[in-house]
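All values derive from a computational prediction rather than experimental measurement.
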Amino acid sequence: MELLSVSLGVYYGDFTVAAASENLTASQGRTLTVLRRGPAAMRTLAENMTCDASNVTGIVDRLEKRGLVRREADASDRRVKNVVLTAEGERVTDAIRARMRTTQEGLDRLGDQDRKRLYALLERVFVSGPPS
């Protein structure tokens with residue numbers, strides 16, 4: 001647990017500095033990163049970021065003002081607003097990732113086999129869970 005905590009601290013420190021270089025808060029940068037996977041409803045964003053929906057509204061408002069995201073009505077339920085990353089939002093997200101030198105240098109120390117194993121382990125632990 002301690003090593004996981006240290007690695008997350010290094011990652012988030014690196015991410016926060018990289019997001020700030022794009023004049024974004026860590027929360028704004030994280031929102032863009034979540035949206036890089038695809039559009040998301042406001043409620044889903046709040047759940048994904050483990051924060052209150054009102055916080056997400058403020059974050060999305062500021063990102064929308066900068067042209068990094070846009071709101072669209074959901075095709076199946078017009079009452080639901082999905083947040084979509086714009087082309088500029090994609091560019092900024094890529095720029096943040098490119099500036100995360102400490103994280104990238106750490107991953108670069110791994111060979112392809114180790115990197116694939118790390119990915120598979122992290123996915124099993126945090127995404128898919130144990131096999132049923």
Side-chain angles (χ1 to χ4, degrees):
M1 293 295 285
E2 185 62 28
L3 187 53
L4 186 58
S5 175
V6 168
S7 60
L8 286 173
V10 170
Y11 172 83
Y12 282 119
D14 200 19
F15 182 84
T16 300
V17 169
S21 73
E22 290 292 327
N23 297 313
L24 295 172
T25 65
S27 295
Q28 290 169 333
R30 186 160 179 239
T31 302
L32 295 179
T33 300
V34 169
L35 292 173
R36 192 73 161 108
R37 294 180 229 144
M42 296 288 282
R43 181 181 313 271
T44 303
L45 268 177
E47 289 168 2
N48 220 317
M49 296 177 58
T50 58
C51 69
D52 191 73
S54 63
N55 289 346
V56 171
T57 299
I59 292 167
V60 170
D61 285 347
R62 288 184 288 283
L63 292 172
E64 192 172 37
K65 190 178 281 189
R66 287 191 50 189
L68 303 177
V69 301
R70 69 178 179 277
R71 288 179 172 98
E72 294 180 351
D74 186 86
S76 61
D77 185 347
R78 307 287 293 165
R79 296 169 296 174
V80 174
K81 296 293 182 198
N82 288 322
V83 183
V84 179
L85 201 58
T86 65
E88 179 64 7
E90 287 181 22
R91 185 202 66 74
V92 168
T93 305
D94 291 344
I96 290 169
R97 287 180 179 172
R99 286 189 178 91
M100 293 181 66
R101 300 217 192 300
T102 303
T103 301
Q104 193 59 53
E105 288 168 4
L107 292 171
D108 287 346
R109 288 193 292 269
L110 299 176
D112 285 342
Q113 182 92 1
D114 284 340
R115 202 171 307 149
K116 286 177 185 173
R117 224 166 63 224
L118 176 62
Y119 181 88
L121 289 169
L122 291 172
E123 184 175 46
R124 186 170 45 172
V125 170
F126 296 109
V127 180
S128 60
S132 9

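- With contacts defined as side-chain heavy-atom distances shorter than 4.5 Å, the pair Arg43/Val56 does not qualify.
- Between the side chain of Arg115 and the backbone N or O of Leu110, at least one donor-acceptor pair lies under 3.5 Å.
- The neighbour count for Arg36 CZ, taken as heavy atoms of other residues, nucleotides or ligands under 6.0 Å away, is above 12.
- Partner Thr31 forms a side-chain contact (heavy atoms from CB on, under 4.5 Å) with one of Leu63, Leu68, Leu85 and no other, that one being Leu63.
- Between Phe15 and Tyr12, the ring planes lie perpendicular to each other; the angle is over 60°, past the 30° to 60° tilted range.
- A salt bridge does not link Asp114 to Arg109: none of the charged side-chain nitrogens sits closer than 4.0 Å to a carboxylate oxygen.
- Hydrophobic clustering of Ile, Leu, Val, Met, Phe, Trp and Tyr side chains at less than 4.5 Å, counting indirect connections, keeps Val80 apart from Val69.
- Annotation: side chain of Thr86 is not in contact with side chain of Glu64 (no heavy-atom distance under 4.5 Å).
- One hydrophobic cluster holds both Leu32 and Met42 under the rule that ILVMFWY side chains link at heavy-atom gaps under 4.5 Å.
- Transitive grouping of hydrophobic side chains (ILVMFWY, heavy atoms separated by less than 4.5 Å) brings Leu118 and Phe126 into a common cluster.
- At a threshold of 4.5 Å between non-hydrogen side-chain atoms, the residues Arg66 and Asn23 count as touching.
- Atom OG1 of Thr93 and atom CD of Glu88 lie 9.5 Å apart (nearest 0.5 Å).
- Listed for the Asp14 side chain is a donor-acceptor partner under 3.5 Å among the backbone atoms of Thr103.
- Between Arg71 and Thr57, the shortest heavy-atom contact is NH2-O, 3.7 Å.
- Between Arg79 atom CZ and Asp74 atom CG the span is 10.0 Å, to the nearest 0.5 Å.
- Considering CZ of Arg78 and CD of Glu72, their distance stands at 9.5 Å, rounded to 0.5 Å.
- Under the 4.5 Å side-chain heavy-atom criterion for grouping Ile, Leu, Val, Met, Phe, Trp and Tyr, Leu8 is connected to Leu107 within one hydrophobic cluster.
- Summarising the geometry, atom CD1 belonging to Ile96 is positioned 9.5 Å from atom CD belonging to Gln28; distances are rounded to the nearest 0.5 Å.
- Residue Leu4 is grouped with residue Val125 when hydrophobic side chains (ILVMFWY) are merged at heavy-atom distances under 4.5 angstrom, including chains of intermediate members.
- Atom-to-atom distance recorded for Leu121:CG and Lys116:NZ is 14.5 Å, nearest 0.5 angstrom.
- The main-chain N or O of Gly58 is found under 3.5 Å from a side-chain atom of Arg62 such that the two form a donor-acceptor pair.
- The two atoms that bring Met49 and Ser27 nearest to each other are CE-O, 3.5 Å, heavy atoms only.
- No more than 12 heavy atoms of other residues, nucleotides or ligands sit less than 6.0 Å from atom CZ of Arg101.
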